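Notes for the one structure printed next.
Numbered from 1 within each chain, the chains take letters A, B, ... in sequence-line order. FYI, side chains are in, hydrogens and waters are out, and symmetry mates aren't considered; it's all heavy atoms of this structure. Predicted model only: the values in this text are computed from it and were never measured.
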Protein chains: 2
Amino acid sequence: MPRTDMIDIKEAQEVFIDCLKSRGLRYTSQREAILETFLSSMKHLTVEELYALVKEKNMDIGYATVARNMKFLVECGIADEIKVGNKRTRFERHYGRQHHDHLICLKCGAFIEVHDSNIEMLQNKLAEANDFVPQRHKLEIYGICRECR
Amino acid sequence: MPRTDMIDIKEAQEVFIDCLKSRGLRYTSQREAILETFLSSMKHLTVEELYALVKEKNMDIGYATVARNMKFLVECGIADEIKVGNKRTRFERHYGRQHHDHLICLKCGAFIEVHDSNIEMLQNKLAEANDFVPQRHKLEIYGICRECR
DNA sequence: GGTGATATTGATAATGGTTATCATTATTGT
DNA sequence: ACAATAATGATAACCATTATCAATATCACC
Ligand SMILES: [Mn+2]
Ligand SMILES: [Mn+2]
Ligand SMILES: [Zn+2]
Ligand SMILES: [Zn+2]
């Protein structure tokens, strides 16, 4: 694991601990394991996948605990939810990252991260032109990735 | 109801009938009621809402029949599915309309239809730059609409 | 360190939307 | 009319998510 990731995890840990404290909540060993496993993976994980990863580290943990705490990570700004269709919700790191959108492969399910500030700018103009105050958006392009062709 | 909508419904009816025929399926009174009610509404409807509308026209019909046939309408290119978060799937007319995206109000749930060909063009370039063959996309901007401010 | 208050955990049940099942009814072609 | 096939609709099954709650762990305070 590269050093920068270690530093990121330490920082995120502090953010998480502060966020929990401000709500009268505690930083438990389960929460530490979930946070570290999540941030180390660098993938777009489901609760089930993360649950399996935490258990691999000979950590005895319950599915509900993982699910519950991923919600807290989202509320604390450390994780983001990704909902595609009716499939299981996935989570990705949010803290320390910039906004991005996704190209999603219909064959292998890969998430390719992209960003285009021109598109973002035009989106804001589009909202403004409709007297609409934008708060967030979701752009997903579905198709076939390089490897699947 | 404006005349153009009547014509639209007649056209869509033919498309639906042809699509059903090509699959060895039949055009029933329930399917007619679902199609006409759906196309007349001009809204982004859930199965439940459409089910209620069909029943209002003193049509005795089952929920499963509405749900099943909305799937057929999608497969026949007459309707489009809209899935936002984990909320119930909504349907809108597809046949005879051009592609558009949505501004979605977080307060009242309104769907404002928008289109920006520059954004669409940039999306295609973005996909191409990543060696990705786009097939479809979903752009949703969440915020507060004019009426809710 | 002991104590009472409060939060956490994890097994399991409940929920809610969607889809499948299947006996009954309707339609079709001959 | 008959046999074949599809459609319907009540209900059950499914599945991801969320709620419940008894048992356990942690905290603040003395
Ligand atoms: Mn991502
Ligand atoms: Mn629309
Ligand atoms: Zn792929
Ligand atoms: Zn609104």
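One side chain, A:E11 or A:Y95, offers a donor N or O that lies under 3.5 Å from an acceptor on the other.
In this entry the distance linking NZ of B:K83 with P of D:dA16 reads 13 Å, nearest Å. The CZ atom of B:F91 sits 10 Å away from the C1' atom of C:dT18 (whole-angstrom rounding). Counting to the nearest Å, the C1' atom of D:dA16 and the CE atom of A:M70 are 16 Å from each other. In this entry the distance linking CD of B:E32 with C1' of C:dA26 reads 16 Å, nearest Å. When the P atom of C:dG17 is taken as reference, atom CD of B:E48 falls 7 Å away, rounded to whole Å. Atom OH of A:Y27 and atom P of C:dT9 are 12 Å apart (whole Å). Residue A:M59 contributes atom CE, which lies 13 Å from atom C1' of C:dT8 at whole-angstrom precision. Atoms CZ (B:R68) and C1' (C:dG17) sit 16 Å apart, rounded to a whole Å.
Hydrophobic clustering of Ile, Leu, Val, Met, Phe, Trp and Tyr side chains at less than 4.5 Å, counting indirect connections, keeps A:L126 apart from B:I104.
When each of D:dA10, D:dT18, C:dT18 is scored by its nearest atom to the side-chain atoms of B:A64, the top-ranked nucleotide is D:dA10. Nearest nucleotide to the side chain of B:K71, out of D:dT8, C:dT19, D:dT20: C:dT19.
For the OP1/OP2 pair of D:dT8 and a distance below 4.0 Å, the side-chain nitrogens and oxygens of B:N69 include at least one atom meeting the criterion. Dashed line: the shortest gap from a side-chain N or O of B:T28 to OP1 or OP2 of D:dA7 is not under 4.0 Å. Taking side-chain N and O atoms only, B:T89 has a distance below 4.0 Å to OP1 or OP2 of C:dT18. For C:dT9, the OP1/OP2 oxygens have no side-chain nitrogen or oxygen of A:T65 closer than 4.0 Å. Dashed line: the shortest gap from a side-chain N or O of A:K87 to OP1 or OP2 of D:dA16 is not under 4.0 Å. Applying the 4.0 Å criterion to OP1 and OP2 of D:dG9, one finds that B:Q30 has a side-chain N or O inside that range.
In this structure, cysteines B:C105 and B:C148 have SG atoms that are not closer than 2.5 angstrom.
Donor-acceptor pairing under 3.5 Å, judged by distance alone, is present between the side chain of B:R26 and the base of D:dT5. For C:dT8, the base has no donor-acceptor partner in the side chain of A:R31 [N/O atoms by modelled type, under 3.5 angstrom].
With salt bridges taken as basic N to acidic carboxylate O contacts below 4.0 Å, none links A:E36 and A:K10. Comment: A:E120 does not engage A:K125 in a salt bridge, judged by the lack of any side-chain N to carboxylate O separation of less than 4.0 angstrom.
With axes fitted over five pairs at each extremity, the angle between the ends of the helix from C:dG1-D:dC30 to C:dT30-D:dA1 is 30° (10° resolution).
Among B:R90, B:K43, B:K55, the one residue that satisfies the salt bridge (charged side-chain N to carboxylate O under 4.0 Å, His left out) test with B:E49 is B:R90.
Note that CD of A:E81 is 8.0 Å distant from CG of B:N86, once rounded to the nearest 0.5 Å.
Here the two rings, on A:H137 and A:H99, have centers that are under 6.0 Å apart.
Along DNA chain C, the nucleotide closest to B:V47 and the one closest to B:S29 are compared, and the more 5′ of them pairs with B:V47.
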